[in-house]
Amino acid sequence: MTIDLLKDLNPAQRKAAEAISGPILILAGPGSGKTRVITYRIAYLVRTVGVNPHRILAVTFTNKAAREMRERLERLLAGSVKDMTLGTFHAICAGILRRDGEAIGIQREFVIFDADDQEKLLKQAAADANVDPKQYPVGKITAAISSAKSQMTTPEKFRENARNYFDEIVARVYERYEKMLRQNNAVDFDDLLLKTVFLFKRHPEILKRYQERYVHLLVDEFQDTNLVQYELVKLLAGRHRNVAVVGDPDQSIYSWRAADLRNVFNFERDFPDAQIYYLEQNYRSTAKILQVASSVIADNRARKDIKLWTENEPGDPVCLLEAYNEQEEAQMVVREAERLTGSKKYRLSDIAVMYRTNAQSRALEEAFIRYGVPYKLVAGTRFYERREVKDLIAYFRLIHNPADSVSLMRIINVPTRGLGEKSIVEMQAWARGRGLSLFEALEASSTAVDKPPLTARALASFDIFYKLIQGFIEDSRQMPFLEFFDRVLERSGYQAYLKVQPDGEERLENIAELRTVAEPFNGLPPGEALSPFLESVSLVSDLDNLDETEGGVTLITLHQAKGLEFPVVFIVGLEEGVLPHFRSFDDPAQMEEERRLCYVGVTRAKRRLYLLRAFRRSLMGGSTVNEPSRFLEAIPSNLTTEAVSPNEPVQPLIPLQKKLYQYAERPPQAQAAQVSKSAAPGLSRTHVRPSAPAYKTGDQVRHPVFGDGVVISTLPVKDDHEIVVSFKDRGLKKLLLSFAKLEKT
DNA sequence: GCCTCTGGATTTTTT
DNA sequence: ATCCAGAGGC
């Protein structure tokens with residue numbers, strides 16, 4: 001069986017999987033079986049070569065990818081992968097720091113600050129450094145610091161290199177911020193990587209242990225690594241040098257998060273003996289879709305010469321559609337989705353709609369709701385960013401790490417305990433004067449002789465809060481985790497507090513959801529569950545929970561769509577200013593990234609691809625007329641059609657006489673909520689529906705945008721009406737009565 | 001402490 | 001158009 005393990009791979013894939021010694025760069029085009037190669041390579045290492053899984057390190061970019069890979073490997077290797085290190089850079093580094101961070105002064109109980117905590121701390125740091133947030137927005141400073149961290153620039157180095165006054169300001173805040181992180185016993189996301197590199201450089205003996213252990217390294221999505229991550233790879237691979245990196249420069253779309261596709265080009269320089277393998281056969285898309293993709297990306301300069309080819313059938317032409325505005329664009333998508341699923345060839349879950357900006361999802365959602373077609377929105381407010389979830393987690397974090405003043409500040413007056421801004425500031429000042437953390441100050445202030453200058457009432461409140469948390473700390477060591485969870489929720493008063501909130505019910509549901517996340521930790525001995533629980537909630541994202549099997553059309557940003565595939569893909573908003581986004585206009589490098597983004601979208605499609613644009617689009621209040629996207633120009637016209645379907649008449653604006661409303665029995669909101677767990681119930685938008693149409697064929701009408709026209713036909717659509725009007729200047733337009741502001745003339 | 005008003009911004013967000 | 005943060009009033 002060992003020989004045949006790789007029999008499912010094509011020759012190129014097989015070579016890449018079998019080249020197990022020395023540095024390897026695998027350039028893998030979209031749909032070329034990259035994941036397959038990685039998993040088989042690991043399986044081959046373990047089963048055929050006999051490598052102990054303990055000696056393998058595999059890095060993915062998302063937890064989801066890590067989980068999926070683990071599942072595949074478990075199937076392939078029957079469960080011997082437990083000892084393998086498999087996870088994101090961040091998760092792996094968190095583990096290393098937990099184990100060995102004390103060598104550089106990071107205590108074992110450290111917490112991970114997310115973007116939200118980071119912002120709060122930075123605001124405080126800026127205030128402490130006397131920086132006026134009006135003059136120097138905290139956001140800009142945050143970006144500067146994060147970018148500095150991604151390039152391994154320490155506060156000291158940053159100060160040395162400061163070239164203008166803004167840099168000076170940033171340096172000041174950066175120094176202060178770092179100090180505060182240490183005081184809070186916290187690290188931010190960037191630190192997880194940075195501190196690990198620092199640990200390795202400072203303590204070669206620790207690095208050596210990891211170097212010795214990991215005989216084989218694998219890095220997926222290498223094009224999206226940043227300098228720090230690459231540095232980690234180089235350090236860890238320093239001993240055995242068996243490092244395989246897999247990536248595709250054409251799919252690098254995260255440069256704004258400091259991903260540096262130069263890593264791909266530098267790999268050959270840093271590992272001159274690297275072998276390079278190309279995976280160029282595409283198994284995913286039809287030949288036409290693939291050619292469209294190639295034509296879109298061909299104009300970029302920063303490329304590796306990956307030549308995609310396929311044995312798949314040519315397939316249908318790619319549909320290019322122009323709508324009048326984003327509402328019509330959305331309507332076209334919904335109708336076509338209905339048409340495709342009506343023919344039973346596709347299910348709704350086979351279909352995805354992709355867009356550049358989240359704001360574009362709105363018009364789409366409205367159309368899906370209006371037509372009663374189930375959809376699921378990836379995004380919305382992310383679960384772990386919801387206030388109630390963050391609040392409760394703040395309790396747990398404080399219990400776990402009382403030095404975490406950011407968490408303390410978050411909850412000290414939630415629910416209200418009569419501790420306002422003023423009392424807290426006093427207490428902070430008092431703490432600082434004595435070199436105490438806030439929590440220590442709470443403890444000390446009740447017995448101190450020189451108490452902070454506060455009312456007895458405030459002091460009592462602080463004391464009650466202190467005793468509350470102190471009690472929780474003891475509880476956490478004594479009871480099963482879920483019992484502890486419930487106790488915190490109840491005795492903190494948070495549960496009662498939520499109950500009386502306007503949207504309390506929903507918030508409590510989110511808490512219940514968090515509780516299910518806590519369940520798996522219940523089996524651990526008392527006192528040992530809190531830490532792993534917190535770790536698990538710090539490093540997850542919402543995409544991790546995207547359920548691809550559930551019914552409904554997927555609405556997703558192009559960024560989030562990376563790594564996914566769908567039989568049918570609609571990309572909307574192919575207009576100058578939207579895709580490419582106008583913020584990229586003045587930077588050629590960014591423009592190339594927009595092109596890659598478009599390429600990523602196109603290559604998600606297996607069988608059918610639709611590229612839509614709107615003539616006019618409302619943006620930030622106003623309405624603009626956009627040119628078609630430059631990315632459409634490169635597409636050879638023999639690959640495309642402007643008909644909705646090549647086999648049907650070319651009349652995209654005339655209603656397709658189809659049974660469109662098979663889902664429409666229940667109220668639309670209920671359906672949307674049902675299929676889109678992560679879509680907030682903000683979807684309970686109300687729809688004002690007109691009664692019978694006051695229009696019939698032949699009526700003269702006026703439209704605020706289109707001008708004068710005559711009604712051609714009306715068509716009852718659920719509880720709305722679709723009206724086709726022939727306008728003097730604009731020709732035929734199909735309008736929804738509830739949308740169009742028509743008046744009779 | 002909670003409510004309301006105003007001004008500013010508004011790409012993408014794997015961790 | 002809309003969402004959010006911060007300010008100011010009750």
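The analysis underlying the following values was restricted to heavy atoms, covering all of them including side chains, and did not include hydrogens, waters or symmetry mates.
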Regarding the side chain of A/Glu594, the nearest nucleotide among B/dT13, B/dC2, B/dT11 is B/dT11
With a 4.0 Å cutoff (strictly under), does any side-chain N or O of A/Asn358 reach OP1 or OP2 of B/dT13? yes
Determine: side-chain N/O of A/Arg583 to OP1/OP2 of B/dT11, distance under 4.0 Å, yes or no. yes
Sugar-phosphate only, base, or nothing, as touched by A/Lys422 at under 4.0 Å among non-hydrogen atoms: nothing
Using whole Å, report how far CD of A/Glu326 lies from C1' of C/dA1. 11 Å
Rounded interatomic separation in angstrom, taking CG from A/Asp117 and P from B/dT15: 16 Å
Would you tell me if any nitrogen or oxygen in the side chain of A/Thr62 comes within less than 4.0 Å of OP1 or OP2 on B/dT15? no
Which part of the nucleic acid, if any, lies within reach of A/Gly418 when heavy atoms closer than 4.0 Å are counted: base, sugar-phosphate only, or nothing? sugar-phosphate
Without decimals, in angstroms, what is the distance between A/Lys123 NZ and C/dC4 P? 13 Å
Protein-nucleotides 8-10 of chain C N/O pairs under 3.5 Å:
none

Could you state the CZ-P distance from A/Arg362 to C/dT2, rounded to the nearest angstrom? 5 Å
Between B/dT12 and C/dA5, how far apart are the two C1' atoms, rounded to whole Å? 22 Å
Any A/Gln560 side-chain nitrogen or oxygen under 4.0 Å from OP1 or OP2 of B/dT12: no
Between A/Phe631 and A/Tyr599 (judged by ring centroids, cut-off 6.0 Å), do the two rings come close enough to count as a pair? no
Over 12 foreign heavy atoms within 6.0 Å of CZ, A/Arg70: yes
Using atom NE2 of A/His559 as one end and atom C1' of B/dT13 as the other, report the distance to the nearest whole Å. 8 Å
Does the side-chain ring of A/Trp256 sit on the six-membered ring of the B/dT12 base, less than 5.5 Å centre to centre and under 30° in tilt? yes
Can a salt bridge be assigned to the pair A/Arg596 and A/Glu593 using a cut-off of 4.0 Å between side-chain N and carboxylate O? yes
Check the distance between B/dT15's P and A/Lys64's NZ and give it to me in whole angstrom. 11 Å
Any carboxylate oxygen within less than 4.0 angstrom of a Lys/Arg side-chain nitrogen, looking at A/Glu366 and A/Arg362? yes
Any side-chain N or O of A/Lys562 below 4.0 angstrom from OP1/OP2 of B/dT12? no
Testing the basics here: between A/Asp391 and A/Ile411, what is the closest heavy-atom pair and its distance to 0.1 Å? O-CG2, 3.5 Å
Does the gap between the ring centers of A/Tyr497 and A/Tyr494 come in under 6.0 Å? yes
Provide, to the nearest angstrom, the distance between the CE atom belonging to A/Met591 and the C1' atom belonging to B/dT12. 15 Å
Tell me, please, whether A/Phe110 has A/Arg98 positioned over its six-membered ring: NZ or CZ under 6.0 Å from the ring centre and within 45 degrees of its axis? yes
Salt-bridge criterion met for A/Lys34 and A/Asp220 (N-O under 4.0 Å): yes
Please confirm whether the shortest side-chain N or O distance from A/Thr416 to OP1 or OP2 of B/dC2 is below 4.0 Å. yes
When the distance from CG of A/Asp190 to P of B/dT13 is rounded to whole Å, what number comes out? 18 Å
